[in-house]
Each structure stands twice: as C-alpha cells, then as structure tokens.
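Written out below as structure tokens is the structure these notes cover.
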Amino acid sequence: EVQLVESGGGLVQAGGSLRLSCAASGFTLDDYAIGWFRQAPRKEREGVSCISSSDGSTYYADAVKGRFTVSSDNAKNTVYLQMNSPKPEDTAVYYCAAVFDVLCSDYVSPMRLEYDYWGQGTQVTVSS
C-alpha cells in the first residue's frame with residue numbers, strides 16, 4: 001500500500017526554521033517525483049517545491065525560493081522540506097504528494113502535474 005506521511009509541522013516564529021518530513025512507503029523514491037504543496041485558509045492550494053531523487057533535480061515556487069530547501073534521503077525513503085526564515089504568509093497546511101515516472105526538471109511547472117498519491121498534511125503556523 002502506498003502511503004505518504006508528513007510530520008514536523010508546528011508553531012515557529014518568523015525568521016526561525018522548521019523541517020518537514022515526508023515518509024514514503026509502498027514505493028521507492030527513485031520511481032517518483034515528490035512535490036510539496038500548501039493550502040492556507042480560504043486560499044487555493046499552491047505548489048511549493050518538487051524533487052526527483054533519481055536525477056536530483058528540484059523546483060521551487062518563487063514565493064519560497066532562497067528560503068526553503070527540498071532534499072531526499074533514499075535510504076530512509078523520506079523527503080524533507082527545510083523552511084528557513086519563514087514568514088507569516090507561509091502559514092498553511094503542508095502536503096507532500098508523489099507522481100510516478102516524472103523528473104522535476106522536465107517541466108516548467110511540475111507542480112501543475114496530476115499527482116498520484118497524497119499525504120494527510122501537517123499544519124505549519126508562523127507567528128510574527
């Protein structure tokens with residue numbers, strides 16, 4: 001059974017740091033690209049970042065570029081989203097999702113792809 005489980009969310013002060021984890025089971029990261037998405041109250045879901053561990057390519061939305069870093073640990077089958085210098089506008093539920101046989105670098109907007117599997121989300125709240 002394919003499963004994605006996010007963890008690491010919580011309350012963080014603006015300018016601090018937080019690391020989210022996305023633990024994958026039922027598949028290997030090499031076969032999928034993992035995307036991070038977020039949804040704030042009363043707002044549409046937006047793509048944050050993408051990583052394909054098979055080639056190491058990544059993608060970042062402009063809103064997080066230079067502050068967030070996505071990485072993967074294939075031995076642990078886990079993807080991370082390091083959030084540095086978060087801002088109150090980063091407050092949202094963060095989701096990870098997996099899409100089969102995709103390299104992030106193959107698409108101008110890999111966040112617009114139809115992802116196959118989704119996690120349940122983890123809340124991130126950034127206080128000012």
Side-chain angles (χ1 to χ4, degrees):
E1 178 188 5
V2 172
Q3 197 171 17
L4 295 168
V5 179
E6 302 95 337
S7 61
L11 177 64
V12 61
Q13 280 195 325
S17 64
L18 196 67
R19 190 178 77 162
L20 306 184
S21 299
C22 172
S25 58
F27 66 96
T28 57
L29 292 179
D30 275 346
D31 295 332
Y32 287 77
I34 302 297
W36 282 98
F37 297 81
R38 66 187 182 186
Q39 187 164 21
R42 298 174 298 280
K43 291 189 176 181
E44 289 190 359
R45 186 178 66 201
E46 65 172 330
V48 174
S49 183
C50 172
I51 184 168
S52 44
S53 58
S54 59
D55 72 340
S57 64
T58 59
Y59 167 90
Y60 296 95
D62 288 344
V64 305
K65 201 172 293 183
R67 298 187 298 120
F68 291 8
T69 302
V70 65
S71 62
S72 66
D73 184 337
N74 282 21
K76 296 183 178 180
N77 226 36
T78 299
V79 171
Y80 303 98
L81 185 68
Q82 179 69 41
M83 304 172 61
N84 293 332
S85 300
K87 305 174 182 180
E89 50 264 44
D90 294 321
T91 295
V93 176
Y94 283 72
Y95 301 88
C96 63
V99 57
F100 178 67
D101 197 25
V102 161
L103 300 178
C104 301
S105 55
D106 284 348
Y107 298 87
V108 173
S109 300
M111 314 315 298
R112 294 187 179 182
L113 298 171
E114 187 171 335
Y115 282 68
D116 302 306
Y117 304 103
W118 290 81
Q120 84 289 348
T122 186
Q123 175 71 47
V124 172
T125 302
V126 184
S127 64
S128 57

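Since we're looking at a predicted model, the values are computed, not measured.
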With sequence neighbours excluded, what pairs up with Val12 under the side-chain contact (heavy atoms from CB on, under 4.5 Å) test?
Leu18, Pro86, Val126
Do you know which two heavy atoms are closest between Ala97 and Leu4, and how far apart they sit?
CA-CD1, 3.7 Å
Can you pull out every disulfide (SG to SG under 2.5 Å) where at least one residue sits in residues 55-92? Sequence neighbours excluded, please.
none
Testing the basics here: between Val93 and Gly121, what is the closest heavy-atom pair and its distance to 0.1 Å?
CG1-CA, 3.9 Å
Check: residues 55-63 side-chain donor-acceptor pairs under 3.5 Å, at least two apart:
from  : atom 1 : to     : atom 2 : distance (Å)
Asp55 : OD1    : Ser52  : OG     : 2.7
Asp55 : OD1    : Ser57  : N      : 3.0
Asp55 : OD1    : Ser57  : OG     : 2.9
Asp55 : OD2    : Ser57  : OG     : 3.2
Asp55 : OD2    : Ser105 : OG     : 3.2
Ser57 : OG     : Ser52  : OG     : 2.7
Ser57 : OG     : Ser105 : N      : 3.3
Tyr60 : OH     : Val70  : N      : 2.8
Asp62 : OD1    : Lys65  : NZ     : 3.1

Quick one: ring pair (Phe, Tyr, Trp, His ring centres under 6.0 Å) pairs with a partner in residues 106-128, sequence neighbours left out?
Phe37-Tyr115, Phe37-Trp118
Pairs where residues 47-90 contributes a residue and the test disulfide (SG to SG under 2.5 Å) is met, not counting sequence neighbours
Cys50-Cys104
Could you tell me which residues satisfy side-chain contact (heavy atoms from CB on, under 4.5 Å) with Gln120, sequence neighbours excluded, listed by chain and number?
Val5, Glu6
With sequence neighbours left out, which residue pairs that include part of residues 109-128 fulfil the salt bridge (Lys or Arg N to Asp or Glu O under 4.0 Å) condition?
none
Besides Val108, the hydrophobic cluster formed by Ile, Leu, Val, Met, Phe, Trp and Tyr side chains linked at under 4.5 Å, directly or via other members, contains none
For residues 20-36, run the donor-acceptor check on the side chains, cut-off 3.5 Å, and write out each pair with its distance to 0.1 Å, sequence neighbours left out.
from  : atom 1 : to    : atom 2 : distance (Å)
Thr28 : OG1    : Asp31 : OD2    : 3.1
Asp30 : OD1    : Asn74 : ND2    : 2.9

Residues which pass side-chain contact (heavy atoms from CB on, under 4.5 Å) with Ser17, listed by chain and number, not counting sequence neighbours
Gln82, Asn84
Quick one: salt bridge (Lys or Arg N to Asp or Glu O under 4.0 Å) pairs with a partner in residues 32-41, sequence neighbours left out?
Arg38-Glu46, Arg38-Asp90
Find out whether Met111 and Val48 are in side-chain contact, i.e. whether some heavy atom of one side chain is under 4.5 Å from a heavy atom of the other.
no
Which residue pairs satisfy the salt bridge (Lys or Arg N to Asp or Glu O under 4.0 Å) criterion with at least one member in residues 76-89, sequence neighbours excluded?
none
